[in-house]
Amino acid sequence: MKTTGRDFFWGSATSAHQIEGGNHNDWSEWELKSAKVEAQNAEKKNWPEYILKTYPNPLQEKNYISGAACDHYNRFREDFDIAKSLGHNAHRFSIEWSRIEPEEGKFNEQEIEHYREVIRALRKRGMEPFVTLWHWTLPVWFSERGGWLHPQAGEAFTRFVSRIVDEYKDDVRFWGVYNEPETFARHGYFRGDRPPGYGWRIFSYYRVLKVLVETYIQTYKAIKKIDSKAQVGISESLVYFNSYSRMPLHLIALRIVRWWRNNPFLEEYIAHSDYIGFQYYFHSRIRRNPWKSQWGIQYNENKSVSDFGWEIYPEGIYQILKQLGKYHKPIYITENGLADSRDEKRANFIKEHIRYTRKAVSEGVDVRGYFHWSLLDNFEWNKGFWPRFGLVEIDYRTLERKVRGSALEYKKIINTETKK
Ligand code: BGC
């Protein structure tokens, strides 16, 4: 797939905490506190046999503790060899802030060298690094003093970002300052099921969103000062919402839900970005009687779902791409994927989402990359290890890697599209 004559980036995405292993941050602390309760809560659900067969499974406490994860920290070269063999020419990953700055203001030189090696390993294999600077995990010192709501939060983060960009500017062109700021704020300050674990704090939820966008603008300027050619943006998960009908009630509900869930500050981010990082997972309809429904005002048709119960709705990627087209900025699909431990639906999922992406491109939307979530099975936050999102399967007993059939189908698509 070529857009406006440029090459297209094909690859997959990961994040440090979900695959590296051996991290010590606010999440690793949260896991130790919550694993037992998560496992107990899981007992109340009805799990299909094939999920209970996964190791670890949702009923086991160890499922909820990231621990050694995929040991990608030590095996990144091997993993990049696999990505390369699958035809990827780019890779999105994140740098773990808690490794680089384990104590406030004290930077760990060894860890800085580690990520330099990671970046160089990608370059050596001809893969463009897309570097995420914050994928949700926080150094313990930062979270303990109040996280993003501490008055010096923005300053501290900008100092970290400036140091990193200065270190790697010769090897990195694409910086993603945040991964899904809205998802972070919603889980941490409204649902309360992820760190810092506050439920229903609507004002803090909003305040965090605001601090994040203000900090982003600060970091954008700082990065550009260090390297004016850097391509800087964020990635946000955008849901394709449509309404039950054209009735004013439904249209109003649609506007409100879309505005909030797709990040009320989205336009501000885009205005200060060189590209748009778009992650697509969901489609939702507004209910017939939005204000009276018991289960919330959105629902899915769920004709086909992933192991997670998430609806598979490829057309939504096209609809959102069309909506984003109006900003006239390059778009990278920085995540799109599904939990599918039996690898039954992934190949078709990829094929269909790329088909709809191609349709948007053929109608003039400037899409320049597709990153499948994820390269490896990984630690799916508060759900733990059982959801299998990888193009590559991980045996968590031996850490053996096994390429899934769908990864080879994705490779075929890349080959065909690259020849076009
Ligand atoms: C996040 C990933 C996560 C994936 C699947 C995205 O929202 O960026 O960290 O694993 O969704 O839930």
Side-chain angles (χ1 to χ4, degrees), residues 11-21 23 25-28 30-31 38 51 54 58 63-64 66 69-70 72 91-97 130-138 176-188 190-191 193-195 209 212 233-240 261-263 266 269 276-284 300 305-313 316-317 320 332-341 345-346 349-350 353 369-394:
S12 60
T14 61
S15 93
H17 189 69
Q18 295 179 270
I19 57 170
E20 280 183 348
N23 281 319
N25 52 33
D26 65 332
W27 258 94
S28 60
W30 168 270
E31 291 156 24
E38 291 283 6
I51 297 288
T54 55
N63 176 63
Y64 303 95
S66 59
C70 310
H72 176 78
H91 182 69
R92 175 174 176 259
F93 71 98
S94 76
I95 289 186
E96 176 61 32
W97 183 8
F130 275 64
V131 183
T132 306
L133 292 159
W134 180 60
H135 198 124
W136 299 346
T137 48
L138 296 169
V177 175
Y178 302 145
N179 178 72
E180 300 187 10
E182 195 282 330
T183 312
F184 166 81
R186 177 166 22 93
H187 282 281
F190 184 68
R191 295 177 64 156
D193 58 355
R194 296 181 186 179
L209 288 175
L212 285 170
I234 63 145
S235 289
E236 190 55 280
S237 149
L238 304 177
V239 179
Y240 172 54
R261 172 59 177 79
N262 287 350
N263 201 326
L266 186 67
Y269 277 109
I276 300 171
F278 159 43
Q279 334 220 109
Y280 178 70
Y281 289 95
F282 304 110
H283 158 244
S284 265
N300 297 323
V305 296
S306 72
D307 289 354
F308 241 175
W310 293 356
E311 184 188 25
I312 299 175
Y313 193 84
I317 204 168
I320 301 259
Y332 296 93
I333 298 163
T334 45
E335 283 185 29
N336 170 234
L338 80 170
D340 180 19
S341 62
K345 298 181 178 168
R346 190 174 286 103
F349 178 99
I350 297 174
H353 283 81
Y370 174 89
F371 295 80
H372 190 73
W373 182 268
S374 180
L375 177 62
L376 310 172
D377 283 342
N378 58 56
F379 181 72
E380 177 54 30
W381 307 110
N382 52 325
K383 303 290 184 241
F385 286 109
W386 74 260
R388 302 290 185 140
F389 276 91
L391 292 170
V392 177
E393 181 184 348
I394 302 283

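When a ligand or atom number is given, it counts from 1 through the structure's own listing order.
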Exercise for review: For this output row, return yes or no: ring centroids of Tyr64 and Trp386 closer than 6.0 angstrom.
Suggested key: no
Check your understanding: Does any N/O atom on Thr183 come nearer than 3.5 Å to any N/O atom on ligand 1?
Key -> no
Check your understanding: What is the nearest protein non-hydrogen atom to atom 12 (O) of ligand 1, stated with its residue, atom name and distance?
Key -> Glu380 OE2, 2.6 Å
Check your understanding: Is there at least one pair of N or O atoms, one from Trp136 and one from ligand 1, spaced under 3.5 Å apart?
Key -> no
**Study point:** Among Tyr281, Trp373, Tyr370, the one residue meeting side chain to side chain donor-acceptor pair (under 3.5 Å) with Glu335
**Key:** Tyr281
Review point. Using a heavy-atom cut-off of under 4.0 Å, does the side chain or the backbone of Phe282 touch ligand 1, or both, or neither?
Key: neither
Point to revise | Atoms in ligand 1 flagged as close to His135, the criterion being non-hydrogen separation under 4.0 Å | key: 1 (C), 2 (C), 8 (O), 9 (O)
Exercise for review: For Trp310 and ligand 1, answer yes if some heavy atom of the residue is under 4.0 Å from a ligand atom, otherwise no.
Suggested key: yes
Review point. In this structure, which one of Trp134, Trp97, Phe184, Trp136 forms a ring pair (Phe, Tyr, Trp, His ring centres under 6.0 Å) with Tyr178?
Key: Trp134
Review point. side-chain hydrogen bond (donor to acceptor under 3.5 Å, both in side chains) with His17: which residues, sequence neighbours excluded?
Key: Asn25, Glu31, Ser66
Check your understanding: With a 4.0 Å cut-off on heavy atoms, does Asn179 reach ligand 1?
Key -> yes
Review point. Which value, rounded to the nearest 0.5 Å, describes the distance between Asn378 atom CG and Phe389 atom CZ?
Key: 8.0 Å
Review point. Can you tell me if Asn179 uses its side chain to pair, donor with acceptor, with the backbone of Ser235 under 3.5 Å?
Key: no
**Study point:** Distance filter under 4.0 Å to Gln279 heavy atoms, resulting ligand 1 atoms
**Key:** 8 (O)
Review point. For atom 2 (C) of ligand 1, which candidate among His17, Glu335, Glu182, Glu236 provides the closest heavy atom?
Key: Glu335
Check your understanding: Does Lys383 come within less than 4.0 angstrom of ligand 1, counting non-hydrogen atoms of the residue?
Key -> no
Practice item. Classify the ring geometry between Trp310 and Phe308 as parallel (under 30°), tilted (30 to 60°) or perpendicular (over 60°). Key: tilted
Point to revise | Expected output: side-chain Asp377 to main-chain Gly390 donor-acceptor under 3.5 Å | key: yes
Study note, to complete from the structure: Looking only at protein heavy atoms, what sits closest to atom 4 (C) of ligand 1 is Tyr281 OH, 3.4 Å
